[in-house]
Undergrad: 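Mind looking over this structure? Questions follow.
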Amino acid sequence: MLSTNQAARLLKQGEVVAIPTETVYGLAADATNQLAIQEIFSLKKRPTDNPLIIHIGSINQLDEFSKPLIEIELRIIKKFWPGPLTLVLPRKRNVPDAITAGLKTVAVRMPNHIKCLNLLQKTGPIVAPSANLSGTPSPSKVEHVLNDFGENFPILDGGDCTIGLESTVLTCRPNYPSATAQQSSFASRTFQSDMLIYRPGAISAEELSEFGSVEYYTPSQSKTDTSKTSTGSPSPGLKYRHYAPKAAVEWLSNVEQLKTLRYPVVVFLLDNTHPYTEFFADKAINDGHSLLCCEGSWERFGQLLYDTFRMADTKNYTRIFIQDIRRHNAKSSLKDALINRIEKAINGH
Ligand code: AMP
Ligand code: MG
């Protein structure tokens with residue numbers, strides 16, 4: 001395990017280091033070092049058209065990368081940074097193409113994690129995608145990073161991630177051309193809202209709606225949807241397989257789903273309100289099922305989601321049932337992000 005000073009030194013020498021944030025662990029490199037950035041892509045086996053988020057430790061580092069901010073961006077930054085919100089901004093020319101995958105925009109965030117902020121004070125801006133092999137669930141604990149990259153991988157230990165889900169990715173310029181005309185038909189679609197969410201996260205649409213109207217991006221919103229087939233997506237990460245374990249994931253909405261199981265499964269519950277909880281508790285102990293309940297805490301549910309996915313795969317469970325939270329009457333700012341990640345896991349992408 002590294003100290004903050006050691007991690008900073010390695011980063012400045014061009015090494016790739018795993019770092020903690022409040023969302024998930026990141027695989028970090030100096031944002032000005034092309035070779036180190038390439039090393040991230042090769043270590044993760046990440047497609048080169050999937051751009052990286054730049055992490056900064058102070059607001060004045062923003063104009064190294066972005067053209068001047070507009071009013072709504074300034075207000076959002078004031079409210080949510082440091083925090084789990086990534087802003088997609090018009091890029092300056094000097095930003096390496098390796099970071100933006102050639103897009104005309106750049107994604108930037110200031111993480112809300114004390115060790116990470118201390119590190120950023122020592123290093124300056126770093127790029128950091130999630131510290132997992134592409135295709136595996138994002139890492140919310142040190143052990144997840146070490147499972148993917150080996151026991152000796154250099155890591156700054158910041159404890160378990162308090163959110164455990166990737167940041168909200170937002171643009172306040174929904175009609176700004178993100179790619180060249182040849183790459184994308186996106187620019188031809190006119191979005192009506194003030195803000196467009198590419199990826200839901202812990203900062204919810206409702207919280208953002210204080211600043212104007214908000215819309216979720218879906219690939220079918222493009223007039224001609226090129227996002228699955230080429231570099232046409234305005235947020236290319238969306239088209240790749242993410243968040244899914246090897247085990248099959250299903251919503252659990254009916255006790256009948258559990259009655260006829262012939263082999264051990266994982267059951268992941270938000271709370272105890274379901275009629276099946278009691279029924280299943282005995283069965284879990286008797287039949288080797290793994291039953292996890294978050295006692296009604298959405299935060300805990302978020303923190304443990306990817307850990308549950310990884311545990312299932314490590315212990316060779318082939319099915320994971322997750323309490324159906326889609327119609328849960330409790331309000332939580334994490335709800336949309338959780339539904340998004342679970343649905344992607346259910347659909348295997
Ligand atoms: P990860 O760091 O693995 O959580 O992935 C980064 C996410 O940010 C991906 O979903 C990317 O599509 C998104 N992203 C990064 N840069 C941009 C950009 N310039 N425009 C839109 N989305 C971006
Ligand atoms: Mg990722």
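We count ligands from 1, going down the list as the structure has it; atoms in each ligand are counted the same way. Everything quoted here is computed from the prediction, not taken from an experiment. Counting from 1, the numbers follow the sequence of the chain as shown.
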Undergrad: With a heavy-atom distance limit of 4.0 Å, tell me whether Thr105 approaches ligand 1 through its side chain, its backbone, both, or neither.
TA: both
Undergrad: Quick check on Ser178 - does any of its heavy atoms sit under 4.0 Å from an atom of ligand 1?
TA: no
Undergrad: For atom 10 (O) of ligand 1, what's the nearest protein heavy-atom neighbour? Residue, atom name and distance, please.
TA: Gly237 CA, 3.5 Å
Undergrad: To check your reading of the model: name the closest protein heavy atom to atom 7 (C) of ligand 1, its residue, and the distance in Å.
TA: Arg199 NH1, 3.8 Å
Undergrad: I need the nearest protein heavy-atom contact for atom 14 (N) of ligand 1: residue, atom name and distance, please.
TA: Pro51 CG, 3.8 Å
Undergrad: Which residues pass the side chain to side chain donor-acceptor pair (under 3.5 Å) test with Asp63, sequence neighbours left out?
TA: none
Undergrad: With heavy-atom distances below 4.0 Å as the criterion, list the atoms of ligand 1 near Leu103.
TA: 18 (C), 19 (N), 20 (N)
Undergrad: Can Thr100 be said to touch ligand 1, with heavy atoms closer than 4.0 Å?
TA: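 Under 4.0 Å: no for Thr100.
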Undergrad: Do Ile197 and Val108 sit in one hydrophobic cluster, given that two such residues count as connected whenever their side-chain heavy atoms are within less than 4.5 Å of each other, even indirectly?
TA: yes
Undergrad: With no hydrogens and no angle check, just 3.5 Å: does a side-chain donor-acceptor pair link Thr162 and Glu22?
TA: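 Result is no, nothing qualifies.
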Undergrad: Check side chain to side chain donor-acceptor pair (under 3.5 Å) between Thr86 and all other residues, then give those that pass, not counting sequence neighbours.
TA: Ser167
Undergrad: Between Asp307 and His144, do the side chains contain a donor N or O and an acceptor N or O under 3.5 Å apart?
TA: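 Yes, because at least one side-chain N or O of His144 sits under 3.5 Å from a partner of the opposite role on Asp307.
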Undergrad: Lys44 to ligand 1: N or O pair under 3.5 Å?
TA: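 The answer is no, given that Lys44 and ligand 1 share no N or O pair closer than 3.5 Å.
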Undergrad: Are the charged groups of Glu250 and Arg319 less than 4.0 angstrom apart, N to O?
TA: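 Here Glu250 pairs with Arg319 in a salt bridge, since their nearest N and O are under 4.0 Å apart.
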Undergrad: With distance as the sole criterion, is a donor-acceptor pair present between the side chains of Ser209 and Glu206 under 3.5 Å?
TA: no
Undergrad: Which atoms of the protein, restricted to N, O or S, are nearer than 2.8 Å to the Mg ion (ligand 2)?
TA: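 Metal shell, protein only: Ser130 OG.
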Undergrad: Would you indicate which of Lys104, Arg46, His55 comes nearest to atom 6 (C) of ligand 1 when only heavy atoms are counted?
TA: Arg46
Undergrad: Between Pro234, Ala107, Ser235, which one has a non-hydrogen atom sitting closest to atom 20 (N) of ligand 1?
TA: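 Result: the heavy atom closest to atom 20 (N) of ligand 1 is in Pro234.
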Undergrad: Can you tell me the protein heavy atom closest to atom 2 (O) of ligand 1 and the distance?
TA: Pro129 CA, 3.1 Å
Undergrad: Determine which pairs satisfy side-chain hydrogen bond (donor to acceptor under 3.5 Å, both in side chains) with at least one residue from residues 120-129, sequence neighbours left out, and list them in order.
TA: Asn5-Lys122
Undergrad: Does a salt bridge link Glu15 with Arg9, judged by any charged N lying under 4.0 Å from a carboxylate O?
TA: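 Not counted as a salt bridge, because no side-chain N and carboxylate O are separated by less than 4.0 Å.
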Undergrad: Enumerate the atoms of ligand 1 whose separation from the nearest heavy atom of Val106 is less than 4.0 angstrom.
TA: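 Near Val106, the atoms of ligand 1 are 19 (N).
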Undergrad: Just which atoms of ligand 1 are under 4.0 Å from any heavy atom in Asn50?
TA: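 The list of qualifying atoms is 9 (C), 11 (C), 12 (O).
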Undergrad: Kindly indicate whether the side chain of Leu196, heavy atoms from C-beta on, has any atom under 4.5 Å from the side chain of Leu170.
TA: no
Undergrad: Going by an N to O cut-off under 4.0 Å, is there a salt bridge joining Lys79 and Glu210?
TA: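 Salt bridge between Lys79 and Glu210, a charged N being under 4.0 Å from a carboxylate O: yes.
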Undergrad: I need the contact type for Arg91 against ligand 1. Using non-hydrogen atoms and a strict under-4.0 Å cut-off, is it side chain, backbone, both or neither?
TA: neither
Undergrad: At what distance, to the nearest 0.5 angstrom, does CG of Asp194 lie from OG1 of Thr171?
TA: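 So the gap between those two atoms works out to 11.5 Å.
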Undergrad: Are side-chain N/O atoms of Arg91 and Thr105 paired as donor and acceptor at under 3.5 Å?
TA: no
